Asks: 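Let me begin by handing over the structure; questions about it come next.
Note that the structure is a prediction, hence the values are computed from the model and not measured.
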Amino acid sequence: MAEMIKIGMLGIVGVLLAAQFKSNKPEYSMLIGFGISILIFSFSVGQVEAVLSQFTLLEKYLGGAKGYLSILIKVIGITYICEFSAGICKDAGFGALSDQIEIIGKLSVIFAGLPVLFAVIEQIHGMA
């Protein structure tokens, strides 16, 4: 909880600081926003490491289905990276590039999830 308050305050201070430069030096405003984004993203990477350590405990209970957990982790990583990258592009005024990143992210998630779809189809086919 305390960490989220710190991150929230960092974001608010970054926005207020960037707003000061927006009218006179918009390039500084963009750089401040980018820097704050990188700081928050680096914090989230630390949090991801903690979550991954919990996933190792979960792997013990999954047995032979460990592959599905790795697919879940890949999909989560893809979505976070795409959302972060697209947000930065959108803030910088490159909406078209942002949209392309989101499309590639969605296609990557679909591609990463295909093994799960094939496993479900095999299960259904095996029951018939």
Side-chain angles (χ1 to χ4, degrees):
M1 179 71 174
E3 296 296 324
M4 283 307 304
I5 292 172
K6 290 178 187 176
I7 294 299
M9 293 302 291
L10 179 65
I12 291 169
V13 168
V15 166
L16 292 174
L17 187 61
Q20 293 294 320
F21 288 100
K22 193 163 186 133
S23 60
N24 296 333
K25 301 274 187 180
E27 62 273 7
Y28 289 166
S29 176
M30 186 181 73
L31 289 174
I32 290 169
F34 183 70
I36 296 295
S37 296
I38 294 294
L39 284 173
I40 292 173
F41 185 74
S42 65
F43 172 77
S44 67
V45 168
Q47 295 296 315
V48 167
E49 290 173 357
V51 170
L52 288 177
S53 69
Q54 294 298 314
F55 275 132
T56 58
L57 295 173
L58 186 60
E59 280 183 341
K60 293 179 193 175
Y61 299 111
L62 289 176
K66 291 180 184 178
Y68 298 126
L69 187 61
S70 67
I71 291 171
L72 176 65
I73 293 170
K74 285 178 190 176
V75 167
I76 291 170
I78 289 168
T79 55
Y80 277 121
I81 290 169
C82 288
E83 185 176 342
F84 177 74
S85 303
I88 287 178
C89 291
K90 200 172 287 184
D91 287 345
F94 294 96
L97 183 59
S98 170
D99 293 342
Q100 294 300 316
I101 290 172
E102 289 175 352
I103 288 170
I104 293 294
K106 290 172 185 175
L107 290 173
S108 297
V109 166
I110 290 171
F111 183 72
L114 283 178
V116 176
L117 177 63
F118 290 143
V120 169
I121 291 172
E122 286 178 14
Q123 289 291 327
I124 292 171
H125 191 297
M127 292 176 152

Asks: In terms of hydrophobic clustering (I, L, V, M, F, W, Y; side-chain heavy atoms under 4.5 Å; direct or indirect links), are Phe43 and Ile32 co-clustered?
Replies: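 In one cluster with Phe43: Ile32, yes.
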Asks: For the hydrophobic clusters of this structure (ILVMFWY residues joined by side-chain heavy atoms under 4.5 Å, transitively), does one cluster hold both Ile36 and Tyr28?
Replies: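 Linked, Ile36 and Tyr28 end up in one cluster.
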Asks: Any non-hydrogen side-chain atom of Ile71 less than 4.5 Å from a side-chain atom of Lys74?
Replies: no
Asks: Has Gln47 got more than 12 heavy atoms of other residues, nucleotides or ligands less than 6.0 Å from its CD?
Replies: yes
Asks: Can you list the residues that meet the ring pair (Phe, Tyr, Trp, His ring centres under 6.0 Å) rule with Phe84, with sequence neighbours excluded?
Replies: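 Phe84: ring pair (Phe, Tyr, Trp, His ring centres under 6.0 Å) contacts with Phe41.
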Asks: Identify the heavy atoms of Ala86 and Ser98 that sit nearest to each other, and give their distance.
Replies: O-OG, 3.0 Å
Asks: Can you hop from Leu114 to Val109 via hydrophobic side chains spaced under 4.5 Å?
Replies: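 No, Leu114 does not connect to Val109 through the hydrophobic network.
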Asks: Nearest 0.5 Å, what's the NZ-CG distance between Lys90 and Asp99?
Replies: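 Nearest 0.5 Å value for the NZ-CG distance: 6.0 Å.
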Asks: How long is the gap from CD1 on Ile101 to OG on Ser85, to the nearest 0.5 Å?
Replies: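 Separation between the atoms: 5.0 Å.
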Asks: Atom CD1 of Ile78 and atom CD of Glu83: how far apart are they, to the nearest 0.5 Å?
Replies: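 Spacing of CD1 (Ile78) from CD (Glu83) equals 13.5 Å.
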Asks: In chain order, what residues pass the ring pair (Phe, Tyr, Trp, His ring centres under 6.0 Å) check against Phe34, with sequence neighbours excluded?
Replies: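 Once residues adjacent in sequence are excluded, Phe34 has no partner under the ring pair (Phe, Tyr, Trp, His ring centres under 6.0 Å) criterion.
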Asks: Can I get a per-line list of side-chain donor-acceptor pairs under 3.5 Å for residues 1-25, giving both atom names and the distance, sequence neighbours left out?
Replies:
none

Asks: Using modelled atom types only, decide if a donor and an acceptor are shared between the side chain of Thr79 and the backbone of Ile76 within a distance under 3.5 Å.
Replies: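 At least one qualifying donor-acceptor pair exists.
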Asks: Would you say the side-chain atoms of Ser37 pair up with the backbone N or O of Gly33, donor to acceptor, closer than 3.5 Å?
Replies: yes
Asks: State yes or no: do Val45 and Ile88 share one hydrophobic cluster built from I, L, V, M, F, W and Y residues joined by side-chain heavy-atom distances below 4.5 Å, directly or via other members?
Replies: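 Linked within one cluster.
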Asks: State, with a plain yes or no, whether a side-chain heavy atom of Phe111 is found less than 4.5 Å away from one of Leu107.
Replies: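 No, every pair of side-chain atoms sits at 4.5 Å or beyond.
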